[in-house]
Amino acid sequence: MLSRSSVGRFAVVSAADFLPEERTLDALRTAAAGCRGCDLWEPATQTVFSRGDTGARLMLVGEQPGDQEDLQGKPFVGPAGRVLVKALDEAGVDRDDAYVTNAVKHFKFTPRGNRRIHATPDASEAAACRPWLRAEIEVVAPELVVLLGATAAKTVYGSGFRVTKQRGAVMEWPTAGGPHALATIHPSAVLRADDRESAFAGLVADLRVAKEVLA
Ligand code: URA
Ligand code: SF4
């Protein structure tokens with residue numbers, strides 16, 4: 001892998017080159033603010049790292065910040081965040097105790113007029129950003145990680161993972177000593193669904209499984 005120090009004009013290929021030596025959330029947050037591990041940093045406003053603390057037993061992993069998150073610098077503060085909060089409440093999961101983050105820490109979008117339309121991060125961007133998530137899991141050491149949608153699930157389990165088939169099941173982490181994991185749909189899939197009510201109910205049902213694991 002190329003590193004910054006190899007040849008100046010070559011692109012840096014991942015967040016690994018920006019990880020701090022000190023493994024605390026503060027150190028990670030500070031370092032991630034300056035990450036240039038892929039091209040997504042440039043058009044975005046800022047790195048959106050996470051919300052929550054090292055004491056959290058539950059980690060929620062989304063896809064990437066959206067328009068509102070990019071502007072405010074916090075994960076899940078827009079429309080998808082409102083769905084997530086409602087689903088967590090309905091499932092009886094204490095959201096204030098959860099550590100909330102994303103697989104990709106910069107907002108990827110396509111400009112259209114004066115609007116910014118969400119664009120799905122590709123596998124290389126998700127891979128470039130993965131060192132942050134890995135470090136967060138190491139520092140927070142949650143008991144359970146809930147993967148919200150395909151990008152988060154594939155980041156952990158690879159491109160063959162199918163949320164539609166494998167959602168709602170408690171899984172082992174792919175590497176030894178990791179947390180348990182559970183995949184479910186992304187809250188924004190509820191907003192896009194033809195039948196929002198049943199999509200929401202499905203999200204809540206999966207989060208109830210998470211609650212049982214933590215009970
Ligand atoms: N969607 C996500 O996946 N994460 C956010 O933080 C907001 C919307
Ligand atoms: Fe770094 Fe991730 Fe942002 Fe790419 S998306 S610049 S890897 S923080």
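As the structure lists them, so they are numbered: ligands from 1, and atoms in each ligand from 1. For reference, positions follow the sequence shown, starting with 1.
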query: Donor-acceptor pair, R23 side chain versus P20 backbone, under 3.5 Å?
result: yes

field: Close side-chain approach of S50 to E136, heavy-atom, < 4.5 Å
entry: yes

message: I need the atoms of ligand 2 closer than 4.0 Å to a non-hydrogen atom of A128, numbered in the order shown.
response: 7 (S)

task: Run the numbers on Y157 and M171 for side-chain contact (heavy atoms from CB on, under 4.5 Å), then give the verdict.
output: CA-CA 10 Å; Y157 288 101; M171 303 178 290; 3.6 Å; yes

Interfacing atoms of ligand 2 (cut-off 4.0 Å, heavy-atom, V104): 5 (S)

statement: ligand 1 to G62, heavy atom cutoff 4.0 Å, flagged ligand atoms 3 (O)

message: Residue-level breakdown please: for E69 versus ligand 1, do any non-hydrogen atoms fall below 4.0 Å on the side chain, on the backbone, on both, or on neither?
response: side chain

- line: Note: ligand 2 atoms sitting under 4.0 Å from heavy atoms of G37 are 1 (Fe), 6 (S), 7 (S)

query: Do you see an N/O/S atom of C35, backbone or side chain, under 2.8 Å from atom 1 (Fe) of ligand 2?
result: yes

task: Under 4.0 Å from a heavy atom of E63: give me the atoms of ligand 1 that qualify, with their elements.
output: 2 (C), 3 (O)

query: For Q68, is the nearest heavy atom under 4.0 Å from an atom of ligand 1?
result: no

task: Identify the protein heavy atom lying closest to atom 6 (O) of ligand 1, giving its residue, its atom name and the separation to 0.1 Å.
output: F76 N, 2.8 Å

statement: Of all the N, O or S atoms in H106, the one nearest to atom 3 (Fe) of ligand 2 is ND1

- prompt: Salt bridge between R95 and D89, side-chain N to carboxylate O under 4.0 Å?
  reply: yes

field: Side-chain heavy-atom pair I137, W173 within 4.5 angstrom cut-off
entry: yes

message: Quick check: do E90 and R208 have side-chain heavy atoms less than 4.5 Å from each other?
response: yes

message: Please list, in number order, the atoms of ligand 2 under 4.0 Å from a heavy atom of C129.
response: 2 (Fe), 5 (S), 7 (S), 8 (S)

task: Can you sort out which atoms of ligand 1 are near H186, meaning under 4.0 Å from one of its heavy atoms?
output: 1 (N), 2 (C), 3 (O)

message: Can you report which non-hydrogen protein atom sits closest to atom 5 (C) of ligand 1, along with the distance?
response: Q64 O, 3.4 Å

Closest approach of any protein heavy atom to atom 4 (Fe) of ligand 2, naming residue and atom: C38 SG, 2.3 Å

task: Work out which heavy atom in A27 is nearest to a heavy atom in E22; give both atom names and the distance.
output: CB-O, 3.3 Å

field: Atom indices of ligand 1, in the order listed, that fall short of 4.0 Å to a heavy atom of P75
entry: 6 (O)

message: Is it true that Q64 and H118 share a donor-acceptor pair across their side chains at a distance under 3.5 Å?
response: yes

message: Suppose we measure from atom 4 (N) of ligand 1 to each protein heavy atom; which comes out shortest, and what is that distance?
response: N102 OD1, 2.7 Å

- prompt: Does one hydrophobic cluster hold both L60 and F76, with members joined at side-chain heavy-atom distances below 4.5 Å?
  reply: yes

task: Taking the side chain as every heavy atom from C-beta outward, state whether K86 and L203 have any atom pair closer than 4.5 Å.
output: no

Atoms in ligand 2 with a heavy atom of W132 nearer than 4.0 Å: 8 (S)

T24 and D26: side chain donor to acceptor below 3.5 Å: no

